Amino acid sequence: MNPRLGWGLLASVLLGSTVFVLPLALVETDPAAVVAPPGDRVRAAIEELRVDRVHVNPDGRDMLDEAGEARLEAVLADSDPSLYVVVWAETDQAGYSGTRQAIQQLATGVDPDGVFAIWQGPGSGDVDVLDGYVYTYLDLEGDAEARLTELAASVQGEEVEDLGEGPREVVAGAVIGAMGGLAAYGVLMLVVGLVRLRRGRDFFVPGPSQGLL
Amino acid sequence: MQTPLEDAPAELEGPVDAHVDSVDALAAALAVDPVNVQQIRGNGHTTEVDAALTDLIDAADVPVVIALVGDLPDLAQDDPAGDLVARLQGRLGQDSVYVVAVGDRGPTWTYDGADPELKDQIFAGLRPTYDVVNGVDEAAPRPSDAGEAALIAAVVAAPDHTLTDAQLSTYLRSGTWTEVDDAGFERPPAPSAVGAWSALVGVLVLLVGWRLARTWALRSVTPAPPARPPRSRAQAAGLRPPASAEDRDRGTRDDQGGADPTAAVREDATRTLDTLARELTEAGSGPRVEAAIGCRVAAEQVLDSDDLLDVVGALVLARTGASLLRTEKPYRPCFVNPLHGRGAVEIEITDAEADTEADTDAGGGRVAAMTVPACRRCGSTRGRSQRLDPLFEPARGLRSPRPYYEGDTLWARTGFGALDTDLWRRVVQER
């Protein structure tokens, strides 16, 4: 065998597998890792949510008083999945762009598997999880304590669906990608062959083991 | 678990300013500390923002009051900031520059004091920031309310009421003073997507690499070696058997030794022509002798060419002439490589293998397969699906070496006499 064939095969296999393995090893796919670090407002909430499950910021106190907070904490203490509640005034000037980002920061800091609700007053609030999906219902009208208690009842017993992917999905993706690579190579060589034909040469590129590959 | 909380700076003690929920409370707080930054407007860095603003206004000649607060009750709906400033002026005096952000509106500044020029100077000083603050420069990060307030405070505080480049870059670029990216719905790529794309590119790289490797391997096949100087008259006359593998290897080595293959073939051809000339003097007359003379004339016509194919043609013509004098059998060289000598067997080659114009000449259309003479070695090579050892046309310009019969020369059309036994006439006519 021509030694160039051996070296070429070795180099192709090494290069191809490097291109395959490197992105898998280097690309960050963890949703928690891309969450921006929280500012002081979210950090204060994280501090308290690690102790109990309701955080009422001073600027949210008129929406939920101490007594209401204590009652809600009692309701949420044994919630499953874990439900956390933050009550504060709406703003986009406190280190997060909106409730979605605030919940990502809260979940990353407190409990990546928890369900987080933010109440910002009538018409403004959100319920979400860091990664995945859970069926919830939060009515954003009326009294915060009443609505959040209803939310706790609706979340109780719900499953947080994991939308994350395991090795099975990665293997399936790689198989599909490999087939795509074969197809792309076929298209490439079809184009090369057609150009060769136009120039009055064979469709197939000559070389040892002449043929489709 | 490592959380963002654990590597947070020391500003965790909380905002310096307590929460205020009324204009009265705010006015009372401002009377003690003229900078009040509520956490709701602190851009996530309330303590740092408060300290920086305090430093700025401490250096100012005029008193400055800064209030960055959330919603306050009982303010005018259409202009809450103007209403708040009017109320604060009533409590704290008219002489100060008021920088106020309240509710969901960005910061504004007001000066109703004694210095008639200060207002214009502040306007002029803030001009370089307008594009970014008003969102004209879309590439720049959005300044936060705290950042805008800092720009205003910096202009007021500066002796010449202009912003330094360092201030501009701090308040318009740094993370403390600009709004956080709206990344709420940004998700990292799914692992399966990463796997799919990397597998796609990986397979493509592997196959293209293998394809290039095989072309690279083909490039290492050196052009057919020239005939070595004959060892006997019989060989000189073109009667020697096809070169053995051993001979060819030696020939290749000769090439690598630096010998010009064209010169070697020319030497061989010259010797053969000398022999032919000698034999012609002894020959009588007749059509075969005339044809042999024709071969000699044609050979001498192309012998001095620089083109390897021409010189090979001269050698083949000389061998053809010598053969005409000795035997009835027409001389048809090995089509694959005429240097191999006389074709001993017939092989069938397909159009793809020999893309010669002779095909079209013969039948008016392209012939799919045709029968050509070949030496025994080339004949047997095909049976065992090894690679043929064709005579290569040397590389020219960008074109790589290719088998001579893939070209469009006279030699490709005639197969050096393998396809057209009237080779010498063709040569004389066309050269």
Side-chain angles (χ1 to χ4, degrees), chain A residues 2 4-5 8-9 11-13 15-17 19-20 23-24 27-31 33-34 36-41 43-44 46 58-59 89 91-98 100-101 104-105 108-109 165 169-170 172-174 176-178 180-182 184-185 200 202 205-209 213, chain B residues 3-5 8 11-12 14-15 19 21 38-47 70-71 144-146 179-218 220 352 355 387 406:
Chain A
N2 190 318
R4 288 188 177 190
L5 276 183
L9 184 61
S12 308
V13 169
L15 207 62
S17 30
V19 169
F20 171 57
L24 280 179
V27 173
E28 182 59 75
T29 54
D30 180 5
V34 298
D40 50 10
R41 188 171 167 91
R43 282 203 305 273
I46 290 173
D59 54 41
T91 179
D92 60 355
Q93 292 294 325
Y96 52 88
S97 61
R100 168 77 195 155
Q101 192 174 31
Q104 288 181 338
Q105 293 174 343
T108 307
E165 294 180 329
E169 282 79 6
V170 177
I176 292 171
L182 277 175
Y185 181 73
D202 291 353
V205 182
S209 324
L213 287 179
Chain B
T3 67
L5 201 62
E11 54 179 288
L12 249 187
H19 174 65
D21 56 3
Q38 294 286 298
Q39 186 198 58
I40 200 169
R41 271 213 149 75
N43 203 35
H45 305 273
T46 312
T47 310
D71 265 331
S144 66
D145 289 354
E179 281 184 13
V180 66
D181 281 342
D182 189 3
F185 291 92
E186 213 169 81
R187 290 181 59 88
S192 60
V194 176
W197 282 107
S198 54
L200 191 152
V201 179
V203 166
L204 196 58
V205 165
L206 191 153
L207 290 175
V208 169
W210 177 227
R211 172 67 266 165
L212 292 176
R214 281 177 293 146
T215 303
W216 183 49
L218 182 69
S220 73
D355 188 7
R387 283 191 52 72
E406 286 183 4

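So that the names make sense, note that chain A is the first sequence line, chain B the second, and so on, each numbered from 1. Being a predicted model, the structure only gives us computed values, none of them experimental.
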* Gap separating the CH2 atom of B/W197 from the CD1 atom of A/I176, nearest 0.5 angstrom -> 12.0 Å
* Structure fact -> What one should report as the nearest heavy-atom pair of A/S97 and B/V180 is N-CG1, 3.5 Å
* Asked: Do you know which of B/N43, B/D21, B/D71 has the most heavy-atom pairs with chain A at a distance under 4.5 angstrom?
  -> B/N43
* For B/A193, check side-chain contact (heavy atoms from CB on, under 4.5 Å) against everything at least two apart and list the hits. => B/A190
* Under 3.5 Å donor-acceptor, A/T91 side chain and B/I40 backbone -> yes
* **Side chain / backbone / both / neither for B/D145 at chain A, heavy atoms under 4.5 Å** => both
* Structure fact -> In this structure, CG of B/L206 is separated from CG of A/L9 (nearest 0.5 Å) by 7.5 Å
* What are the two closest non-hydrogen atoms of B/G195 and A/F20, and how far apart are they? -> O-CE1, 3.8 Å
* **B/W216 versus A/R4, closest heavy-atom pair with distance** => O-NH1, 2.8 Å
* Measure the shortest side-chain to side-chain distance between B/R214 and A/L5 over non-hydrogen atoms and say whether it is less than 4.5 angstrom. => yes
* Looking only at non-hydrogen atoms, find the nearest pair between B/S198 and A/P23 and report the distance. => CB-CG, 3.7 Å
* Asked: Tell me, side chain or backbone of A/A11 under 4.5 Å from chain B's heavy atoms, or both, or neither?
  -> neither
* **Residue part contacting chain B, namely of A/A172, when any heavy atom lies under 4.5 Å** => neither
* To do: Give the member of A/V19, A/V170, A/D92 that has the highest number of heavy-atom pairs under 4.5 Å with chain B.
  => A/V19
* Structure fact -> Per-residue tally against chain B (heavy atom, under 4.5 Å) across A/S17, A/A89, A/A184, A/A178 peaks at A/A178
* Can you name the nearest heavy-atom pair linking B/P189 to A/E28, along with the distance? -> CD-O, 3.8 Å
* Return the option, out of A/G8, A/G39, A/G181, A/G180, with the maximum number of heavy-atom pairs under 4.5 Å with chain B. => A/G181
* Indicate the atoms forming the closest heavy-atom contact of A/E169 with B/S192, along with that distance. => O-CB, 3.3 Å
* Structure fact -> Residues at least two apart in sequence or cross-chain that pass side-chain hydrogen bond (donor to acceptor under 3.5 Å, both in side chains) with A/R41, listed by chain then number, are A/D59, A/Y96, B/Q39
